[in-house]
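First comes the structure, then the notes that go with it.
One is the number of the first residue; the rest follow in order along the sequence. Remember, predicted model here, so these are calculated numbers, not experimental data. In what follows, every heavy atom counts, from backbone to side chain, and hydrogens, waters and symmetry copies are set aside.
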Amino acid sequence: MKRRYFAASAAIALVTLAACGTSSPDDSGSGPWTYTDDRGTTITLDETPKRVVAQSSLAAGLKDLGVDVVGVFGPLKLADGSLDPQAAGLDPDTITDVTAGGEYGSLDLEKLAALKPDLVVTNMYLPPDLWYINDATAKKVAKLAPILAVDFHGDSIIESIEDVQKVGAKLGADLDSAKVLKGRTDFDAASKRLTDVGAELADRKVLVVSGTKDLFYVADPAQFPDLDYYESLGLPVIKAKAKPGTYWEDMSWEKSDTYDADVVMWDSREGGSTLQQFKDQPVFSTITAAKNDAWVPWAAVAPASFAAYADVIDRLADDIEDQL
């Protein structure tokens, strides 16, 4: 089990690399390239992989480190054609999307093969399941290129980012570059801002929610690396009673007033809940936050980089401050 960061000072001050890969004989690009991923699978190639295809959020995290990919899968564009926030920093016009329609986790194998990938990279939230690659597709992908899996389960934000940095460094990223170091500085500054905002909330509480047509969901912050981190910074997030092994406490909309809160953070991912959905629910409309119109969008998934999360945390601090 990887360590968790519960104190804000520790979360900001400690910058240690998570042990998630092995060193290769030569990281300069000449000679064999070796990496042992979080499944314990050792990948050995003749040289450092150049043509990388990655899950979109992870690809965006790698790009913030200076590592470009030739293809992505997973969320990339919203319905209106704009960039999905989960892939912030990527240019959809210069990258090939190999996501296939139909069943979740399917890839367009013809598009993928045409890219001649050296390596496919994705992550895991519930190991051994790969994110955005189902089991049947994984077997076919493995015939085209090895799959490197990064385990985010149980990680704090910082650990997830460091896991991606470890992969990035093996792919040629310079973790001491001015851009990468600035991302960390900005992340620390944004974290300090959110700490201050949490203190301003005082005894007011924040509820994090999602929903479908039939069910209302309240997040257990301990299960989400971002919410767990925000809570460690002092954001007063209500703790839902999620069932073991799950992320949410689910209930009928008729019971959606179970938790009162002064601010509601709603899951703003496309394809999920919408703000209007919550406003239209008569029972949920009786809680304090709804009465005061205190709604804050929650970016539940963001690229795993310090720069990306600096922006996410800054926007969250802005939005909560607007409700004070």
Side-chain angles (χ1 to χ4, degrees), residues 1-23 35-41 54-65 67 74 86 88-89 121-132 148-171 173 175-176 180-192 194-195 208 219-235 237 242 245 247 298-313 316:
M1 180 68 69
K2 294 181 180 179
R3 64 192 183 283
R4 304 291 299 237
Y5 291 82
F6 294 106
S9 59
I12 295 175
L14 293 178
V15 188
T16 58
L17 288 175
C20 66
T22 62
S23 298
Y35 193 92
T36 300
D37 75 1
D38 289 336
R39 297 172 298 175
T41 300
Q55 192 276 331
S56 54
S57 295
L58 205 151
L62 289 172
K63 184 173 180 58
D64 281 344
L65 300 175
V67 177
Q86 299 179 58
V121 184
T122 191
N123 55 294
M124 302 179 292
Y125 286 106
L126 293 173
D129 295 339
L130 301 176
W131 194 231
Y132 281 95
L148 188 159
V150 182
D151 184 6
F152 284 173
H153 180 68
D155 273 7
S156 67
I157 287 179
I158 291 176
E159 289 169 328
S160 294
I161 293 170
E162 289 174 345
D163 285 352
V164 175
Q165 286 189 333
K166 187 76 172 181
V167 175
K170 291 288 292 183
L171 294 174
L175 301 187
D176 293 323
V180 174
L181 294 177
K182 182 179 185 300
R184 179 58 199 239
T185 299
D186 291 345
F187 175 85
D188 289 348
S191 298
K192 176 60 169 61
L194 192 60
T195 297
V208 184
D220 174 4
Q223 305 306 318
F224 292 86
D226 59 337
L227 299 180
D228 184 57
Y229 182 66
Y230 303 158
E231 188 179 38
S232 78
L233 296 176
L235 194 68
V237 182
Y247 289 81
W298 171 41
V301 179
S305 78
F306 286 120
Y309 266 103
D311 181 59
V312 169
I313 295 171
L316 177 59

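In this structure, CG in L62 is found 6.5 Å from CG in L171, a value given to the nearest 0.5 Å. The structure places CG of L148 at 9.5 Å from OG1 of T36, a figure rounded to the nearest 0.5 Å. In this structure, CG on L235 lies 12.0 Å from CG on D228, to the nearest 0.5 angstrom.
Checked by atom type and distance alone, the side chain of S57 pairs as donor or acceptor with a backbone atom of Q86 at under 3.5 Å. The backbone N or O of L233 lies less than 3.5 Å from a partner atom in the side chain of T195, making a donor-acceptor pair. At least one donor-acceptor pair closer than 3.5 Å links the side chain of D37 to the backbone N or O of A149.
Proximity of I158 to E162: side-chain heavy atoms (C-beta onward) are separated by under 4.5 Å at one or more points. Taking 4.5 Å as the limit, some side-chain heavy atom of Y125 sits within range of a side-chain heavy atom of Y247. Proximity of R39 to L130: side-chain heavy atoms (C-beta onward) are separated by under 4.5 Å at one or more points. Put simply, the side chain of L58 does not reach to within 4.5 Å of the side chain of W131, judged on heavy atoms. Between F187 and I313, the closest side-chain pair of non-hydrogen atoms falls below 4.5 Å. A 4.5 Å side-chain heavy-atom check between V312 and L316 finds every atom pair outside the cut-off. In this structure, the side chains of V150 and M124 stay at 4.5 Å or more apart for every pair of heavy atoms. Between V164 and F152 there is a side-chain heavy-atom pair separated by less than 4.5 Å.
Across every non-hydrogen atom of A60 and A88, the tightest pair is CB-O, 3.3 Å. In plain terms, the two heavy atoms of L65 and Q165 that are nearest each other are CD1-CA, 3.7 Å. Counting all heavy atoms, side chain and backbone alike, S305 lies closest to D64 at OG-OD2, 2.5 Å. Between L227 and A219, the shortest heavy-atom contact is CD1-CB, 3.8 Å. Between A299 and D226, the closest heavy-atom pair is O-OD2, 3.7 Å. Among all heavy-atom pairs drawn from G74 and S56, the shortest one is C-OG, 3.5 Å.
Two rings, from W298 and Y230, have their centers 6.0 Å or more apart.
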Query raised in the report: Please walk me through it: do D188 and R184 pass salt bridge (Lys or Arg N to Asp or Glu O under 4.0 Å)?
Result: CA-CA 6 Å; D188 289 348; R184 179 58 199 239; 3.0 Å; yes

